[in-house]
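Notes to accompany the following structure.
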Amino acid sequence: MSEFADRLEESSEAQVEMCPPVAKLEPAVDPRRMRRIIAEDTQWSLALVPLLRDLCLQSIVKNFEEKPILNELLPHHKTVVLEKLSPNLPLHITANLITDENYWKRCCIQRWGLSDVSTYGYSWKRMFFERHLQKVIELFIPDVTDPQSVLELVPLCKNYVQKLDITQLLPPVKDPQKLEEADGSDSVSEVGFDGPSIDHFDFGILLNKLTKLEELHVVYGVKGCGMNFEWNLFEFTHRDCQALAEALKSCKSLKVFRIHQSKVSDEKCRTLVSKLLDHPSLRHLSFSHNMIGDRGARAIGKLLNNSKLEKLNVCDNKIRGPGARAIAHALCSNTTLISLNLRLNQLGDEGGQAIAEALLYNETLESLHLGANEMTEPTATALSQVLVQNKTLKNINVSCNRLGVDGGKVFEEGMSHNRTLLECDIRLTELLENAISTHEAQVRRSREICIKVTGARERLLSAWTLRLPAGRGT
Amino acid sequence: MWWCSGFGLCLFSGGSGVRVLLGVPCSGLASCPGCAPVCHDPSSKEVGYALLIYQLLCACVPLVVQMQMCVNGGLRFVLCCEHDAHFVKLAVLLQRMTKLRKDGTELVTNIQVAADFRETQRRAQQKEATRHRLEKLEIQANGSLEKFEEISKGWDTAMQKNFTRELQEALDSQQQLCTLLLEDKDKLINDLQQELKTNYDQYKKDLKKQAQDVELLVEKMDEQIKNLSKSYRKELDLIETVFDQDRNALLSSNRKKWEQMAKERYDKELQYLLQRMKKVEEYEVLLQQLRIEDAEEYNKIKIKLDTDVQILKQELKQLKVTLQQNQEKLEYNFQVLKKREEENTITKCQQKRKINRLQDIKNNLKIRCEKQGKQSREEYKALGDDYKRIMQEYEDMQKKMRHFVTTDARTFKDIWLMNESEVKELVERALQTDRLVHEQQLAMPWVQPPLPFLEGDPTRFHGYSQRASRKKLLKSTRDDAEAAAYWEAMANIIPESKLQIWSALEMALEKYYIALNDRSKLLVETQSLQKQNMELKILLQQCISSKVRGRPSPTVGVNAV
């Protein structure tokens with residue numbers, strides 16, 4: 001028995017290298033040659049001459065680049081070949097031929113290390129192609145990189161790419177001489193010189209070809225520029241805007257579009273929105289961390305009722321009262337929007353009241369974020385009215401607004417009549433002391449601030465009490 | 001006791017059936033009243049359970065129930081907290097976990113909210129500062145504009161100064177003013193730069209703060225993850241202990257069962273073995289007996305069978321003979337049948353041929369019949385046509401006949417009248433002749449015979465013609481007889497006696513005539529002779545005269561012959 005155990009130990013050491021037995025040539029070096037039976041290796045066979053089948057499969061693996069034979073093989077041979085294929089094979093051979101997830105897993109791990117596949121719909125292949133395409137676009141330098149290098153990828157990856165998360169877009173390279181000139185003449189001379197043909201990567205050549213693309217996130221800026229910071233690295237020009245808008249219009253399958261931290265101004269917002277009107281599939285739109293003002297907000301308001309948007313995020317922009325009024329006006333007649341995020345704008349009481357009034361008519365909005373919007377008591381009063389009347393709102397966030405003690409009272413009053421709200425965030429609204437003094441459920445709301453399921457529980461209890469007597473009666 | 005529901009989260013399973021941890025009621029329950037738990041067997045105990053669950057739900061204590069498949073395919077939940085302390089512990093733990101998660105999320109989001117708040121504050125401050133700065137700049141600009149105007153005015157006054165000292169003074173004051181203005185501007189610039197520096201510092205501070213925030217965020221998240229993983233581990237441990245206990249209990253009970261069954265099996269096998277041995281012995285004795293009996297029986301049977309064989313052999317021989325005979329007979333029969341068969345085939349052939357022929361004939365006949373039918377139809381048609389035509393002709397004929405009858409009657413009447421007149425004439429002539437004969441030849445008085453029919457002639461004929469036309473010829477015989485009598489009377493107008501008289505007279509007359517003829521002949525002869533005489537006289541005279549003159553001409557001599 002002890003001998004056997006020793007052998008087992010030996011074999012586990014030997015198992016580290018998992019080569020087929022044919023490759024072994026030096027019996028003295030390889031301890032496996034000294035053994036009669038290698039039980040732990042599933043591929044080991046007693047035959048001294050390897051099977052022709054194994055040789056063939058090895059040959060296929062070796063010459064896969066010249067002669068990709070895969071689908072003609074039997075299923076178990078296929079798995080053997082796929083296990084042995086190198087992840088460095090050129091994409092034009094493997095892309096549309098290999099569907100095996102394990103192969104693509106190896107490719108991904110070899111390239112980026114361990115990563116989370118759950119965000120890619122649990123498909124390693126999709127992950128590989130999406131990240132690959134993202135890398136190519138992010139490293140695209142206008143007028144230097146050949147657009148063909150991107151277009152070549154299209155037939156290979158268009159069936160797998162569903163989401164593109166572009167975290168940076170490089171600007172064109174400037175001659176150092178011209179750069180000096182430009183610095184010297186304080187950007188006036190820039191108008192004179194021809195300039196590059198495009199300012200950033202043009203999505204127009206790509207988006208209409210990616211037929212399965214559903215999600216697009218874009219940042220017109222450079223990641224990690226450090227001490228090389230220049231303003232022109234973070235510029236979203238009108239030309240870019242025009243090209244992007246056209247590209248978005250041509251991409252009929254797009255569901256989610258996010259452009260953030262790209263200095264989108266009113267004009268650019270209007271350009272984008274004008275092309276997105278009546279888009280057949282767009283559901284989520286995000287303009288977070290930009291510079292959209294009231295005119296841009298008006299355009300967005302128009303878009304709300306000319307599209308099927310379900311989720312709109314315009315946090316951290318410069319929307320004031322008039323812009324909010326425009327959005328509120330659109331909300332009155334809107335039947336699609338479910339979530340609206342207006343965090344970190346400057347709506348003020350004018351905008352807050354307008355939104356609240358709109359919510360009296362709206363019957364679809366479920367989630368509303370009004371955090372940090374310079375709102376005060378009048379808005380709280382209007383919102384309490386909403387809490388009483390509205391039956392669809394489930395989630396409301398009014399944090400970081402000076403609602404004040406009196407506003408808090410009114411708000412509590414409205415809350416006590418509400419049966420549908422599941423979550424209400426009232427942190428840093430200066431109504432804490434007031435809230436604590438009300439009855440217990442309200443205390444829970446104030447202290448924990450995030451209130452969940454209380455409404456649901458109450459309803460459950462009412463249902464329960466209704467049913468019990470009936471059961472007892474029979 | 002069980003509840004129909006779909007209001008829990010399936011967290012783990014184990015033991016017999018599936019155990020489900022009924023956590024916080026899901027929000028789907030609220031929107032779907034059909035999912036609400038329902039007590040199906042409401043006795044007092046059940047109601048007690050129901051109240052217990054009610055209270056637990058009120059306190060947000062997750063319940064543990066056992067899920068079983070219903071008969072109708074649905075799921076039902078069986079409460080199992082009262083007899084399993086571990087599950088209750090688990091339930092409490094789950095509640096704590098929920099709270100922990102909520103608190104952790106809150107802690108993390110607190111930082112974000114605080115950052116938002118600071119950002120709004122900063123923006124407000126920034127706004128305020130900008131406004132302030134702009135105001136200051138405007139005041140400064142206004143002030144400096146005034147000063148500048150003063151200076152530019154000063155230049156004018158300086159230009160009017162004629163004395164160098166005055167000019168010097170003016171220039172000095174101007175210089176002073178300029179330096180003042182410049183100082184002001186410098187001060188402003190310094191202030192702004194100071195502000196910029198403070199802003200820069202603030203920015204750096206903010207950056208630091210943000211970095212700290214981010215660190216804090218990460219820290220808190222790490223902490224939460226740690227806490228959560230710790231409690232998850234705890235939970236897992238608890239679950240594992242529960243499972244282990246369950247498993248151990250199951251294992252021990254199973255082992256017990258196994259041992260008991262193994263022992264039973266051992267006992268039974270031993271018993272079976274003993275029984276088997278006993279039986280084997282019994283069977284051996286039995287076998288021996290059976291062998292002997294079998295041998296005896298075998299011999300008996302053998303003898304009997306030998307005799308049987310001999311008898312059978314004889315029978316076989318006989319059978320062979322009969323078989324031979326039968327074979328011959330059958331062969332003969334076979335030959336006969338064969339011949340018959342041949343004949344039959346021949347006749348069959350003939351019949352077949354006959355059938356074919358008849359078939360042909362039939363076909364021909366059919367064709368002919370058809371033809372005949374066709375022909376007869378045609379004939380029938382033709383005959384019909386003929387019939388029609390003949391009927392037409394017949395009618396025509398009748399018409400013609402009627403016409404002819406009338407015409408015939410007319411001609412008949414005409415002929416009749418003609419004949420009658422002729423006959424009357426003849427009668428009159430005959431009567432005339434008779435009268436002449438009587439008066440002249442016989443010299444007898446002539447008496448006129450009665451002539452009744454010579455009166456009323458026309459009426460009579462008229463009646464006849466009318467009759468003839470009316471009754472056609474039906475009564476012609478009577479008429480004929482009358483006519484015949486009439487005509488007879490006409491014909492016999494001269495009676496026989498008179499005829500005899502006539503014939504006698506005729507004979508006498510003929511004689512008389514002959515006599516007359518003779519006399520006339522004689523007269524002629526006499527006349528011719530007289531004439532000859534005359535001529536001869538003339539000739540003689542001529543010859544007398546010619547004897548005078550010469551001889552007579554020959555021609556006169558020929559004519560005289």
Side-chain angles (χ1 to χ4, degrees), chain A residues 289 315-316 318 320 341 343-348 366 369-375 391-392 394-395 397-402 419-423 425-430 444 447-474, chain B residues 1 3-5 7 23-44 46-51 53-61 95 98-99 101-124 127:
Chain A
H289 307 291
C315 77
D316 194 15
K318 291 181 177 173
R320 288 161 193 278
N341 189 344
R343 188 170 73 95
L344 269 175
N345 279 291
Q346 297 152 28
L347 302 189
E366 290 179 359
H369 198 314
L370 290 170
N373 262 310
E374 301 174 9
M375 301 190 292
K391 296 274 181 283
T392 48
K394 287 183 180 163
N395 192 336
N397 190 334
V398 286
S399 58
C400 306
N401 288 300
R402 289 170 197 278
R419 283 268 176 274
T420 49
L421 208 65
L422 295 179
E423 207 172 315
D425 194 337
I426 44 172
R427 278 177 285 191
L428 293 172
T429 49
E430 300 180 4
R444 184 188 283 267
R447 199 177 55 232
E448 294 182 356
I449 300 171
C450 267
I451 311 157
K452 283 174 188 161
V453 298
T454 40
R457 209 187 63 210
E458 278 165 22
R459 275 194 308 285
L460 172 71
L461 295 188
S462 62
W464 188 257
T465 43
L466 276 176
R467 271 170 201 278
L468 262 184
R472 207 178 281 163
T474 54
Chain B
M1 152 162 172
W3 281 267
C4 267
S5 173
F7 63 133
V24 177
C26 62
S27 57
L29 180 62
S31 59
C32 181
C35 289
V38 182
C39 181
H40 278 264
D41 190 10
S43 65
S44 61
E46 315 283 284
V47 173
Y49 280 129
L51 282 172
I53 291 177
Y54 169 76
Q55 280 163 3
L56 286 169
L57 281 172
C58 287
C60 261
V61 173
Q95 188 199 9
T98 322
K99 194 171 172 298
R101 249 199 321 268
K102 210 194 290 171
D103 289 353
T105 318
E106 190 199 316
L107 273 175
V108 173
T109 46
N110 263 342
I111 294 165
Q112 194 211 344
V113 170
D116 274 1
F117 190 66
R118 267 204 308 281
E119 175 67 14
T120 43
Q121 272 183 335
R122 191 191 65 77
R123 281 184 189 178
K127 213 164 128 190

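These numbers were taken from a predicted model, which means no experiment stands behind them. Every chain is numbered from 1 and lettered A, B, ... according to where its sequence line falls, protein lines coming before strand lines.
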Legend entry - For A/Leu344 against B/Arg123, the heavy-atom pair lying closest together: O-NH1, 3.5 Å
Legend entry - Heavy-atom closest contact (B/Asp116 atom, A/Cys400 atom, distance): CB-SG, 4.0 Å
Legend entry - From A/Glu374 atom CD to B/Lys127 atom NZ, the distance as rounded to the nearest 0.5 Å: 5.0 Å
Inset, instruction - Measure the spacing between CG of A/Asn401 and CZ of B/Phe117 and express it to the nearest 0.5 Å. - result: 9.5 Å
